[in-house]
Amino acid sequence: MIVFSNHRLGPAVELLVSAGVAEDMLRATAAAARLAADARWEQELVSWLEACAGRCRTLDVADIAWTPDNFERQRQFVLAAITAAATGSAHERALGRWARMIEAHPRDCVQFGRRWLQPITA
């Protein structure tokens, strides 16, 4: 099982899905993001989502390498990719819950100089 979380919001918002569902969610989101990815951060997000697919055991919203100056634009990009991935997906509800975690992520939790973390596989 794979846990999608937002530690800033607590365990009540966690989403637990099978490894196969998580992989499908992440690959579909990466594919949707790839179609619109122009900026370097957007392209890095696509690569990171693909790296997480099939290898992550946990995925927290804070694992995304948000930047304080561009947080709102980045969040909208991720949400648009998730929305596109959810369209017609068998995992629409799970993707919607993940999107709500991202929508609720507090801007003041974004750290300057955050790097992309490697997927936790243990």
Side-chain angles (χ1 to χ4, degrees):
M1 298 304 275
I2 310 301
V3 178
F4 285 77
S5 63
N6 186 328
H7 284 103
R8 301 293 183 183
L9 304 178
V13 300
E14 287 182 352
L15 171 64
L16 185 65
V17 297
S18 71
V21 169
E23 185 173 351
D24 289 350
M25 288 171 59
L26 293 168
R27 289 196 190 284
T29 303
R34 182 181 297 106
L35 295 175
D38 291 323
R40 179 179 176 173
W41 185 91
E42 295 165 351
Q43 294 167 358
E44 289 173 353
L45 172 73
V46 170
S47 296
W48 182 77
L49 290 169
E50 290 171 340
C52 289
R55 295 198 308 241
C56 283
R57 295 294 158 241
T58 64
L59 185 71
D60 192 83
V61 173
D63 294 342
I64 298 172
W66 307 108
T67 61
D69 292 344
N70 298 303
F71 174 67
E72 291 303 330
R73 186 178 56 78
Q74 291 166 347
R75 177 166 45 188
Q76 291 308 310
F77 180 81
V78 174
L79 291 172
I82 294 171
T83 298
T87 303
S89 171
H91 311 303
E92 183 176 2
R93 284 185 52 192
L95 284 159
R97 286 193 55 200
W98 186 34
R100 286 190 294 281
M101 283 183 225
I102 292 168
E103 286 173 338
H105 192 63
R107 186 187 189 289
D108 62 349
C109 293
V110 176
Q111 301 170 355
F112 181 77
R114 178 80 171 165
R115 298 230 189 269
W116 294 102
L117 299 178
Q118 295 303 311
I120 297 171
T121 58

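Only a predicted model underlies this, so the values are computations on that prediction, with no experimental measurement involved. Quick note: numbers below take in every heavy atom, side chains included, and nothing from hydrogens, waters or symmetry partners.
Residue pairs meeting the side chain to side chain donor-acceptor pair (under 3.5 Å) criterion with at least one partner in residues 78-89, sequence neighbours excluded, are absent.
The main-chain N or O of A39 is found under 3.5 Å from a side-chain atom of E42 such that the two form a donor-acceptor pair. R8 places no side-chain N or O within 3.5 Å of a backbone atom of P106 that could act as its donor or acceptor partner. Counting only distance, with no hydrogens or angles, the side chain of W66 and the backbone of E72 share no donor-acceptor pair below 3.5 Å. Formation of a donor-acceptor pair under 3.5 Å by the R97 side chain with backbone atoms of E92 is not found in this model. Within the 3.5 Å criterion, the main-chain N or O of F71 finds no donor-acceptor partner in the side chain of R107.
The minimum heavy-atom distance linking H7 with D60 is given by the pair ND1-OD1, 2.6 Å. Closest non-hydrogen pair, D63 versus T58, comes out as OD2-O, 4.4 Å. Nearest heavy atoms, L95 versus I82: O-CG2, 3.4 Å. In plain terms, the two heavy atoms of A33 and V46 that are nearest each other are CB-CG2, 3.7 Å. Summarising the geometry of D38 relative to Q43, their closest heavy-atom pair is O-NE2, 3.2 Å, with the distance given to 0.1 Å.
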Practice prompt. Would you sort out whether V3 and L59 count as a side chain to side chain contact (heavy atoms under 4.5 Å, CB included), showing the intermediate values?
Written response: CA-CA 6 Å; V3 178; L59 185 71; over 6 Å; no
Item to complete: Go through V78 and L45 one step at a time and tell me if the side chain to side chain contact (heavy atoms under 4.5 Å, CB included) criterion holds.
Response: CA-CA 9 Å; V78 174; L45 172 73; 3.6 Å; yes
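Other residues, nucleotides and ligands place no more than 12 heavy atoms under 6.0 Å from the CZ atom of R93.
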Using atom types as modelled, flag every donor-acceptor pair under 3.5 Å from a side chain in residues 10-28 to any protein atom, sequence neighbours excluded.
residue: S18; atom: OG; partner: V21; partner atom: N; Å: 3.1
residue: E23; atom: OE2; partner: R27; partner atom: NE; Å: 3.0
residue: E23; atom: OE2; partner: R27; partner atom: NH2; Å: 3.2
residue: D24; atom: OD2; partner: H91; partner atom: NE2; Å: 3.2

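Classification of the W98-F4 ring pair by plane angle, with boundaries at 30° and 60°, yields perpendicular.
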